[in-house]
Structure formats: C-alpha cells, structure tokens
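Okay, so here's the structure we're looking at.
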Amino acid sequence: MSVIGFIGVGNMGGPMAVNLIKAGHAVKAFDLSSSAVERAVEEGATAVGSAAEAAFESDVVITMLPAGTHVRGVYEDEVFGHARDGALFIDCSTIDVETARAVHASAAEKGFSMVDAPVSGGIMGAAAGTLTFMCGGSEEAFGRAKPILEQMGKTIVHAGGAGNGQGAKICNNMMLGIQMLSVCEAFNLAEKLGLDAQKLFDVSSTASGQCWSLTTYCPVPGPVETSPANRDYAPGFSAAMMLKDLNLAQGAADAFGANTPMGEKAAALYAEFCQGGSEGVDFSGIIKMLK
Ligand code: NAD
C-alpha cells in the first residue's frame, strides 16, 4: 500500500480519495477549502497544511484541480520542491494540453514520472469507483499509475505520450457537445413537424442517428427515464463543464492548427446558454434555448 498525497479534494477529488482509503492507502489530503479537507478526514484521510506537505514523503501525488493555472502553480511552487525521489505524479484535472505538456516536461527535467489522467464519469462515477481515465505519459509512468487508477475507476486507457490523456478527453467532449446539439435540433424540428418525440426516439435510437446524447441523455422528457430532462435538467453534467471542455478544445484547435467549425459553433452556443444564467443546468437543457 502507498502513501498518497491528494491535492484538491472537491466534488470529484473527495470521493476519489475515499476509494483510495478504502483500498488501504494512507491519504494525505490538502485543499484550499477547509470544509473539503474536513469531509476527507471524516472518511479516513489525514489533513495536511499545504500542497508541499501533501507531497512530502508521499509515494504518489494526485492532483484534482479546476484548471491549468492551478495545476502548474501547485507542481511548480510546491510539489516539485518537496516530493521525494522516485515519486509518481498523477494529474486527474481536466486542463489544456499545452500546460499539461509543460508540467510533464518540468517533472521529467527534475527526474519525476508523471501521467496526465483526466476522467469521465462525473461525481457518481467518482463515488462508485467507475471512472474512465484517459492517460498520457510514458509506458513506465502509465504502468505505475494503472494499479492506483484501477482503485478509482473501471476503464483505464493509455492514450499515448504526455498530454494525450487531455487530448482524448477534449476530443471526446467536443464530439459530445456537437452531438447533443444535433439531437436537440432534431427533436425541436420534429415538434414543428408534428412528429411525436417518442416516435423519433424509437426510430433514431436504432438507426444511423444513434449516439450517447440520444440513447442515454435524451434531451426531451419521456424516452429515457434516467436522463436529466426527466428531472428538470438538474445535472448530470453541467453546461458550465461542457463550456469549459469546448473552450479547451477550441484552444487546442487554435494552438495546433485544427479546423473545428462545429466545435467552434458548439462553444459559442454553450457560452450563450451559460451567459443567460444556465451554467448550473444540465448541458442537455440547451434544447430550451435552441427552441
Ligand atoms: P471542485 O471545484 O469541486 O474541486 C476542485 C477543488 O480544488 C476545490 O475544492 C478547490 O478548493 C481546490 N483547489 C483549487 N485550487 C487549489 C490549490 N491551489 N491547492 C489546493 N486545492 C485547490 O471541482 P471538481 O468538480 O471536483 O472538478 C475537478 C476537476 O475535475 C476539474 O478539472 C473538472 O473539469 C474535472 N472534472 C469534473 C467533473 C464533474 O462532474 N465535476 C467530471 C469530469 C472532470
């Protein structure tokens, strides 16, 4: 069993840390929010006073932070200077590819192994230990990270070198955002045509329009009992989270010269939706704005 420094024990990091404790690891938790740390301590973590202290003498350091700037700051200012030789770093935050690669490069320069391992599966997946991890880093680093990630997730994919976990995550979520918009538009058109939503669902869920946004997250109430549309669009996956990921995808498309006109449009539509006060609404709720 390992000593794991866990930095960022919020909505996702908190339950992920709990699964590591259940698996028998000693978890040293740090977060800027004292209430987040208190919750982790109630579940068996040890509170520490800084990210540096979380890194000190830990075998593994895991970060689950809001954005690239937090990740870079925590590693550059605290973790690199205090981690023990041979420590493994796993960043599970969703951040931009360029920052992920820059932090990997600094870690490598200082002799540390690192994996970027963003997740999908949300808060429910974090609590149930069923997350999907998309990992970037060397074979050696991935091989060391995998047994730890298996204690928090069900599907662990090695997507390639440094930053490719983040790449896989934002490419997937760009598809998701575009597909959700396509499903919303089709249901809105069907309504104008006098075509019943259930009938469209019955056809498209077994035809070529089939996708996760239709069959698992159907944006109209009725056809999929568990979709957020049946609980007034309570998230699920919030519009703000979708906008974050679409903006990361557009940032990457600009930086690396990819043409993503549909991704650009999706980002603009979700920005409009969020600016209208719907940040906390499930991302499928955009059907109402499109209507
Ligand atoms: P959150 O805001 O609940 O948790 C982030 C935590 O980081 C907070 O508790 C905050 O206090 C802490 N923090 C910020 N800066 C810090 C610093 N310098 N040192 C220590 N702690 C610091 O967010 P979350 O929902 O847990 O999301 C975390 C990451 O996971 C994000 O990158 C998000 O995009 C990604 N993600 C979230 C979900 C989801 O459904 N919530 C799903 C997939 C991926």
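Whatever order the structure lists ligands and atoms in, that order sets their numbers, starting from 1.
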When hydrophobic residues are tied together by side-chain contacts of less than 4.5 Å, even through go-betweens, does Leu149 share a cluster with Ile7? no

Atom 21 (N) of ligand 1: which protein heavy atom is closest, and how many Å away? Leu32 N, 3.4 Å

How far is atom 13 (N) of ligand 1 from the closest protein heavy atom, and which atom is that? Leu65 CD2, 3.7 Å

What is the distance from atom OG of Ser50 to atom CD of Glu78, rounded to the nearest 0.5 Å? 5.5 Å

Between ligand 1 and Asp31, is the shortest N or O to N or O distance under 3.5 Å? yes

Under 4.0 Å from atom 23 (O) of ligand 1, is there at least one protein heavy atom? no

Judged by modelled atom types alone, do Gln166 and Thr94 share a side-chain donor-acceptor pair under 3.5 Å? no

What about Pro66: any of its N or O atoms under 3.5 Å from an N or O on ligand 1? yes

protein heavy-atom neighbour closest to atom 4 (O) of ligand 1 works out as Gly10 CA, 3.5 Å

Counting only heavy atoms from other residues, nucleotides and ligands, does the tally under 6.0 Å from CE of Met262 exceed 12? no

CD/Gln179: more than 12 non-hydrogen atoms of other groups inside 6.0 Å: yes

Between Val74 and ligand 1, is there a nitrogen or oxygen pair with a distance under 3.5 Å? no

Sub-3.5 Å N/O-N/O distance, Asn11 and ligand 1: yes

Please assess Phe89 against Tyr75 for the test ring pair (Phe, Tyr, Trp, His ring centres under 6.0 Å), listing each intermediate value before the final yes or no. CA-CA 9 Å; Phe89 304 147; Tyr75 281 98; 5.5 Å; yes

Can you establish whether the number of heavy atoms outside Lys265 located under 6.0 Å from its atom NZ is more than 12? no

Checking heavy atoms under 4.0 Å, the part of Ala67 that sits near ligand 1 is neither

Distance-only N or O hit between ligand 1 and Thr94, under 3.5 Å: yes

Under 4.0 Å to a heavy atom of Val119 - the qualifying atoms of ligand 1, by number: 43 (C), 44 (C)

Should the proximity of Ile95 to ligand 1, defined as any heavy atom under 4.0 Å, be assigned to the side chain, the backbone, both, or neither? neither

Show your working on side-chain hydrogen bond (donor to acceptor under 3.5 Å, both in side chains) between Glu279 and Ser238 and close with a plain yes or no. CA-CA 7 Å; Glu279 299 103 317; Ser238 71; over 6 Å; no

Is ligand 1 under 4.0 Å from a heavy atom in the side chain of Glu78, in the backbone, in both, or in neither? neither

Is there at least one pair of N or O atoms, one from Lys244 and one from ligand 1, spaced under 3.5 Å apart? yes

Check each atom of ligand 1 against the heavy atoms of Phe30 and keep those under 4.0 Å away; list them by number with element. 19 (N), 20 (C)

Looking at ligand 1, does any of its N/O atoms fall within less than 3.5 Å of an N/O of Ile7? no

Under 4.0 Å from a heavy atom of Lys169: which atoms of ligand 1 are those, numbered in the order shown and with their elements? 43 (C), 44 (C)

So CD1 of Ile286 and SG of Cys274: to nearest 0.5 Å the spacing works out to 8.0 Å

Measuring from atom CE of Met180 to atom OG of Ser213, what distance do you get when rounded to the nearest 0.5 angstrom? 4.0 Å

Test of understanding: given a 4.0 Å heavy-atom threshold, classify the contact between Met12 and ligand 1 as side chain, backbone, both, or neither. both

Would you call Asp116 and Lys169 a salt bridge, taking side-chain N to carboxylate O under 4.0 Å as the test? no

Test item: protein heavy atom less than 4.0 Å from atom 41 (N) of ligand 1: yes

State the atoms of ligand 1, each with its element, that fall below the 4.0 Å cut-off from a heavy-atom position in His70. 15 (N)

Gly73 heavy atom under 4.0 Å from ligand 1: no

Residue, atom and distance of the protein heavy atom nearest atom 30 (O) of ligand 1 read Met64 CE, 3.1 Å

What is the ring orientation for Phe142 with His158, classed by angle as parallel under 30°, tilted 30 to 60°, or perpendicular over 60°? parallel

d(Glu150 CD, Asn19 CG) to nearest 0.5 Å is 13.5 Å

